[in-house]
Amino acid sequence: MKASELVGKTKDELITKLTDLKKEQFNLRFQKATGQLENTARVRQVRRDIARVRTALGQPAGAKRA
């Protein structure tokens with residue numbers, strides 16, 4: 001996911017996306033603990049996507065990124 005994909009989304013959409021990513025992160029951690037995780041790079045992608053969504057939520061409504 002790119003930060004530009006988050007620009008046009010509403011606060012509710014961003015919160016929904018954040019919830020989905022948190023659930024996926026939990027499932028990935030559970031798979032890792034049980035030895036079933038195949039794509040280890042996905043853990044890093046999800047963690048960074050969560051950071052992107054949180055950053056977008058913290059931005060003022062009219063602010064644009066450079």
Side-chain angles (χ1 to χ4, degrees):
M1 166 190 333
K2 293 187 176 188
S4 60
E5 296 173 16
L6 301 174
V7 172
K9 296 197 183 239
T10 64
K11 185 174 182 177
D12 290 333
E13 290 173 331
L14 290 172
I15 290 171
T16 303
K17 183 71 174 170
L18 182 60
T19 304
D20 293 342
L21 287 167
K22 289 292 238 174
K23 287 179 185 177
E24 183 178 355
Q25 184 182 38
F26 173 79
N27 289 331
L28 289 171
R29 278 197 318 240
F30 199 87
Q31 288 176 8
K32 183 178 179 184
T34 59
Q36 297 175 351
L37 184 62
E38 293 180 11
N39 185 4
T40 57
R42 185 66 184 146
V43 175
R44 183 177 181 182
Q45 290 173 338
V46 170
R47 192 174 69 235
R48 289 182 178 200
D49 286 345
I50 289 171
R52 285 187 186 99
V53 172
R54 284 185 174 168
T55 300
L57 279 169
Q59 301 252 335
K64 289 191 176 181
R65 302 188 83 177

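Just so you know, residue 1 is the first one in the sequence shown, and it goes up from there.
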hydrophobic_cluster_shared for V46 and F30, side chain cutoff 4.5 Å: no

Joint cluster assignment, L57 & I50, ILVMFWY side-chain distance < 4.5 Å: yes

ILVMFWY cluster, M1 and L14 together (side-chain gap under 4.5 Å): yes

Minimum heavy-atom distance R52-D49, with the two atoms named: NH1-OD1, 3.0 Å

Donor-acceptor contacts, no H, no angles, side chain residues 17-28, under 3.5 Å, sequence neighbours left out:
residue, atom, partner, partner atom, Å
T19, OG1, I15, O, 2.9
E24, OE1, R42, NH2, 3.1
E24, OE2, R42, NE, 2.7
E24, OE2, R42, NH2, 3.0
N27, ND2, K23, O, 3.3

